[in-house]
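Residue numbers start from 1 in every chain, and the chains themselves are labelled A, B, ... in the order their sequence lines are given, proteins ahead of strands.
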Amino acid sequence: MIAADRVDYPALEHEIQRWWDENGVLQRYVHRNDQSDKQYSFLDGPMTANNPMGVHHAWGRTYKDLFQRFKTMQGYRQRYQNGFDCQGLWVEVNVEQELGLKNKREIEEFGIARFVELCKERVFRFARRITEQSIRLGYWMDWGNDYYTLSDENNYTIWHFLKRCYERGLIYKGHDVMTWCPRCGTGISNMETLSEDWHEVSHLSLYVLFPLIERPGEFLLVWTTTPWTLAANVAAAVHPELTYVKVEQDGQIFYLAEERLNLLRELRGRDKGEYRVLERLKGEQLVGWSYRGPFDELPAAQGVSHRVIPWKEVSASEGTGIVHIAPGCGREDFALSKEFDLAVLAPVDEFGIYVEGYGWLTGQSVSAVARPVAENLAQKGLLYRSQNYRHRYPVCWRCKTELIFRLVDEWYISMEQLRYEIMEVARQVTWIPAFGLERELDWLRNMDDWMISKKRYWGLALPIYECQQCGTFEVIGSKEELRERAVEGWEEFEGHSPHRPWIDAVKIRCRQCGALVSRIKDVGNPWLDAGIVPFSTLDYRHNRDYWRQWFPADFVTESFPGQFKNWFYALLVMSTVLEGTTPFKTLLGYATVLDEDGEIMHKSKGNAIDFDDAAERVGADTMRWLYTSQDPEQNLRFPRIPSREDVERAVREGVPVRLSEKWMLVRRALDKVWNIYWFFVTYANIDGFDPTRYQLAVERRSDLDRWILSELQQTILEVTASLERYDSAHATESLQNFIEHLSNWYLRRSRERIWKSELDDDKLGAYLTLYECLTTLVTLLAPFVPFFSESLYQNLVRSVQQEAPLSVHLCDWPQARQELIDEALVQDTHLVMRVVGLGRAAREKAQIRVRQPLNTLYVRLPSQADQEAVLRLKDQVLEELNIKRLELLSDDSEMLAYTLRAQARVLGPKYGPLVQKILAMLKGLDAHAASEAARQLREQGVLKLTIEGREITLTPDEVEVIATARPGYVTAEERGAVVVLETTITPELREEGLIRDLTHYIQDMRKRANLKIEDHIQLTLCADEELAAMVQRHAAELQEETLADSLRVETTPIAEPLPGELYRETLSPTSPRKLEGYTVQVIIAASPSSAAIH
RNA sequence: GGGCUAUUAGCUCAGGUGGUUAGAGCGCAGUCCUGAUAAGACUGAGGUCCCUGGUUCGAGUCCAGGAUGGCCCA
């Protein structure tokens, strides 16, 4: 066994990875449970193969890996299939950028076939990259057996799904106003627009005057934030019940809502004067008035009439209370056009360019016309005022272009009925956190029909064939069906994937009218691709038995922001339609990765952290420990990683990169494990101890050993139970607690045992116990920190047991041994720790350091059982506190005082209002009265009080007696536990303390002399007469502690070097380290018995 | 605009069904311990439990109103 005293995590991880590769460990892991009759079905949510992994992806992938590894170690057979999401606009946009293409027209000029091929290439390129990064994270999947949503199988399974929807009559073509990206040239549904895609932007808003036809010289005052839509205006809406006013200002007469009069004051600048209200009237009185449109002179507006309509959604909180209506440019507007039979003007094409018929606007982009429109209106005398207006406005989630509203034809799956079926299915799932169900149901209740089409190139070819002649459409459900129906173009398509442009060569004949029918040009919504995977990856179409074996998945996990309306939603929709049941049993959702300051990570903000940088600077295991320790409901703040300069400096100096405090905290538990491990290995090597060659029954081991073994069993139980319910944060907490106990108490208390020279039962027990704790701990840690645990396992286990499993990841999950759990011993040991804590506090108050021995510690605990336990384990207390005797304080000890505390909880219901009086009385007792009361309660079992003439009898469970220390003694206390320190330092005690100080200094000098722990020395001390005498009296223990083969004590300093001298130092009253007023020269020389000295 | 949720120490957060002295971790200050430790222990400072009102013998906890933030949906 070997071990370094410090870990370089990234270096360790690379070394372990190499070893795994060389030994084919991953393959063995994947096939370890092939013959098992238990199985566990994990379904991977496909990661988009369009960019490298960020640290936020690593969070989810760590969960996926953790739970699969846990199940593997428990013996479950699994599929370990990783998935890549491949199709969709996100890939197209990046390929466009790579090619320098600016819009769809340029893509078509470039060639759809070439473009689609490049999209595929990009996907495969990033799939490879992500695979490498995942492996770096220690993510163990059946690499090479991944699924890709671009696969024929995935696409045809979606066809199958759509066919089923079609058969149920759920698919329809909608003609509606959609949010539309003029750059991408496609509709963007609200499903795709995340909250962060609403940007704060400034737009030129216009207050426009619409001239009323029947009332010459009078106008409607209308406000709009989208001047480009004015050319499509056909109506003005008022709230029928709202009050409007007719106003005169600067010789102009116009109408607006009364509530908005303050607007006139706000807008009053140098160019606007005072106003007068001429008349008040109800909105409904305005309804039916006609007016001239602001762009009536344009050809497109010819024959369009404009009038005032009623609309209850009109609000008087913004604008003028009169709303400009352009049915071709707004969702609600379009709905109103149906209700009031309004003309519909669709002024722009798919790129947001005005079409023919709009005069000087034709050919211009909507994004460029705000100011020209304002100027044009001003010339016509129709502009009241223009004003910059800041508001939140949706942008394209992919290219961040501002969206517009545009009238288009898109394809939908109706959710009218389906949503209720899906809600039932959603209830079958165990949602973690539990609020996930409510979120999903909320989305299901409120969502619109699912828009599945996109007017793009790289994606699922929607198998919808719409007859241009008779207007009917059909959905094709499989490749075979298409072949059957194909009347031309099959040869051209054959051999290609079912993508544009190849698929579009195939034509079928209309069942209704016999016309030749093409596929619609649209591709599918990418969430169809990801939602079908519980079917497509399990060979649903060809092998139902296999599918049934793995469906539904036991577990899925993804980040929940967004996924309620994306993946989770798509999964539920598709499975509901196909099978009427849930595709997954348990869902673990987790929050968002933020930067150290709690800000969202953005490449553009410069606070995003590359996965590769993080892995190389802090280590994959460190990151995994951070992720698995995190409460998944809370956003995770990812600490800053060391800079490039920090790394370069570390490389120059040949040491591991120094991490920030935050990272050190994250990794503290792992570093502690390493330290324990290093301690064990160091001493086992010195002793030549081989753990496989010894045995010692647990009953014959010490209290300390049996205690930590009991803690270990409980830790196994807790970690197992936590992981079973997908609660990794609780699992890591249990592990951390155990590690603390092992490090801070067990090892601390065992040092002496291991340090002593002979291998007796006690030392053997310590070794065997520590070894078992370490090896079990390492196995428990394996799914969390696979590299770190493997490294320790190889060294601790494989180096001495050739028959042990090759890798820790091939080991069985530890089983708790119930017979080793000793609840009482655990409690008692925790009590001892508490008493020791109090002892330390008392020492601090007395300002007596622990190295100074003291004679007596008096202890008083609330219960008899506790007192007995402390007596039984008193050696641990005394050793730890460096005190010679422990005695219990009797109830009537003069060192004790008492306070009484009423149990309001018990007394309240019994005495009602009187409770406050009882409380006050007990609180007000002086020390003497309190002691008397405590005695009465102790001796008579009751306490009698008189309050307001009423006799009250309190029982022991109604009043708590708390022992405290009487002033004048050095004590510490906590909830009725009291320790009192006997602080007299006799000459003997003082001498012992001095020797201990001296021993400590000599140990430190050994370290400075670069001696190994096991090196022996020859020690020479030249001291004052008095100190020399003390040293002589304690020579034996001093020699034993410092491994001094010889001890020479002089009373005069030695100037000349001694033979083999390694180190010398003089302690004096003026040196930094001192022994009270004494002076002593310490000289350390090599001992002939020590073989190697450096 | 509607719904959900939160507000407790400098920071991050715990605090079933009301019980009088509100906790943890981190940070800060100090002391100690250390031949495993980039560790650890102890002590201390630090709180009008967002505000106002109510119910109650008693409210961080229950009720009402308000303020501020977050998320979701419009």
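Looking at heavy-atom distances under 4.0 Å, A/K672 makes contact with sugar-phosphate atoms alone, never a base. Heavy atoms of A/R840 sit under 4.0 angstrom from primed sugar atoms or phosphate atoms, though from no base atom.
A side-chain donor-acceptor contact under 3.5 Å links A/D449 to the backbone of A/M415.
Of all nucleotides listed (B/U34, B/C32, B/A41), B/C32 comes nearest to the side chain of A/R849. Of the candidate nucleotides B/A14, B/G40, B/A36, B/A14 has the atom lying nearest to any side-chain atom of A/Q634.
A gap of 10 Å separates the P atoms of B/A6 and B/C62, to the nearest Å.
Side-chain atoms of A/R751 come within donor-acceptor range of the base of B/A36, with a qualifying N/O pair under 3.5 Å.
Side-chain nitrogen and oxygen atoms of A/K565 include at least one within less than 4.0 Å of the OP1 or OP2 phosphate oxygen of B/C73. Look at A/R637 and you'll find a side-chain N or O under 4.0 angstrom from OP1 or OP2 of B/U12. For A/R843 and B/C42, the shortest distance from a side-chain N or O to OP1 or OP2 is not below 4.0 Å.
As the counterpart of B/U43, B/A29 is assigned, both hydrogen-bonding distances of the Watson-Crick or G-U wobble pattern falling under 3.5 Å. Under the Watson-Crick or G-U wobble criterion, with both distances below 3.5 Å, B/U12 is paired with B/A24.
Along RNA chain B, the nucleotide nearest to A/M664 and the one nearest to A/I1002 differ in position, and the one closer to the 5' end is contacted by A/I1002.
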